[in-house]
Amino acid sequence: MKGFEKELAALERQKPSLDEVIAALQAGAATRQAVLSSTIVYGLSDLSPAEGEEIAASWSRLPVAFKAQVLRGLNDASESLFELNFRAIAHLCLSDSSSLVRAAAIDLLWFDESPETMQRFMQLADDEDGSVRASALTGLGRFLLLGEYGGIAADQAGAAQQIALRLHSDEQQPVSVRRRALEALANSSHPQVEGLIRAAYAQGSHEMKIGAIFAMGRTCNPIWGDALLEELASEDQESIYEAIAACGQLGLKQALPRIGALAQSNDGEIQLAAIAALGEIGGRRALDLLSELAEAADDDDVAEAIDVALDGAAFSFGLSAPVGVYGDG
């Protein structure tokens, strides 16, 4: 463990009082504390409505930069300690006067699939600040995907689709907003999605093109295979990164030779993305490539990523036999 995780273990699950949490927040703001204390992390988890109201006044007086820093720290904590729940503090911050804080609060709700959160994201998609609109659209994309599987009512999914379609079609919106709107729409089966992706890919700015490549993967539609193979040979690192991820989502076996080579890239982000994609694509060739990489891995993060990818590739077969006994796939 590191940082606050060590301190959390020492607390033995005893939640700090609100007075302790408020004092820790004030001290952290005063000293510009870089790492959140366990008192803040654990104390802001699972707030009751009454606790949220009680902490709101003290929270509102904290500096904007520190509030955003706290929310980002809580986000990091929630990704590694799944028992923590920051829904209450995140919802409180969705109404903050600072756009920086509102955007960070949206990101902190990455785990939340409640109708209340969906409604707030739909409202914030028309926020006065472009960065908040973009973040809200990214959050809405998750709900559009839920709609495809019946996880939310059809009329709610349709309303969210219309918001994303309206904002993507509005050329007065910042490119970042239009890009996120397209990425969100790609999680749905809306009939205009294919045409919108083609237009953004062919005629959009560099940022819009990147969004189109991302969206190709989200559609889970193999029609994008040729374009993605072309992007894997691009000289633009961002295009390559998104194309790798999209190939993984599509299970594009034609991409295995190139992705296998990229899994040995000196660019750490490209390398890890390629390893993850090999695990998603699966098949005997992917397993062989991952096994070769495992033998040569001398970095702990890379070795861990390879282990995860090997498990994913094996799971795609429904087998747990050693590499080398799989049939072609």
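Minimum heavy-atom separation, V64 to L100: CG1-CD2, 4.2 Å. The minimum heavy-atom distance between D112 and S114, with the atom names listed, is OD1-OG, 2.6 Å.
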Using atom types as modelled, flag every donor-acceptor pair under 3.5 Å from a side chain in residues 207-219 to any protein atom, sequence neighbours excluded.
from: K209; atom 1: NZ; to: E231; atom 2: OE2; distance (Å): 3.4
from: R218; atom 1: NE; to: N187; atom 2: OD1; distance (Å): 3.0
from: R218; atom 1: NH2; to: N187; atom 2: OD1; distance (Å): 2.9
from: T219; atom 1: OG1; to: M216; atom 2: O; distance (Å): 2.7
from: T219; atom 1: OG1; to: N221; atom 2: N; distance (Å): 3.2
from: T219; atom 1: OG1; to: W224; atom 2: NE1; distance (Å): 3.2

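Clustering ILVMFWY residues whenever any of their side-chain heavy atoms sit less than 4.5 angstrom apart, transitively, puts L71 in a cluster other than the one holding L109. Hydrophobic clustering (side-chain heavy atoms under 4.5 Å, transitive across Ile, Leu, Val, Met, Phe, Trp, Tyr) keeps F86 apart from M118.
Atom CG in L287 sits 11.0 Å away from atom CD in E292 (nearest 0.5 Å).
By the neighbour-count criterion of 12 heavy atoms within 6.0 Å, atom OH of Y241 is sparsely surrounded, having that number or fewer from other residues, nucleotides or ligands. More than 12 heavy-atom neighbours from other residues, nucleotides or ligands sit within 6.0 angstrom of CD on Q237. Dense packing is recorded around CD of Q123, with more than 12 heavy atoms of other residues, nucleotides or ligands lying under 6.0 Å away. By the 6.0 Å contact criterion, CG on D155 is enclosed, its count of non-hydrogen atoms from other residues, nucleotides or ligands being greater than 12.
We find that R102 and D127 are joined by a salt bridge, their nearest charged nitrogen and carboxylate oxygen being less than 4.0 Å apart.
Here the side chain of K67 pairs no donor or acceptor atom with the backbone of S98 at under 3.5 angstrom. Put simply, the side chain of R178 gets close to the backbone of H168: a donor and an acceptor are under 3.5 Å apart.
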Item to check | Test side-chain contact (heavy atoms from CB on, under 4.5 Å) applied to L229 and L252, step by step | outcome: CA-CA 9 Å; L229 289 173; L252 198 65; 4.2 Å; yes

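Applying the salt bridge (charged side-chain N to carboxylate O under 4.0 Å, His left out) rule to R120 yields no partners; only residues at least two apart in sequence or on another chain are considered.
Side-chain atoms of Q173 and R133 include a donor-acceptor pair closer than 3.5 Å.
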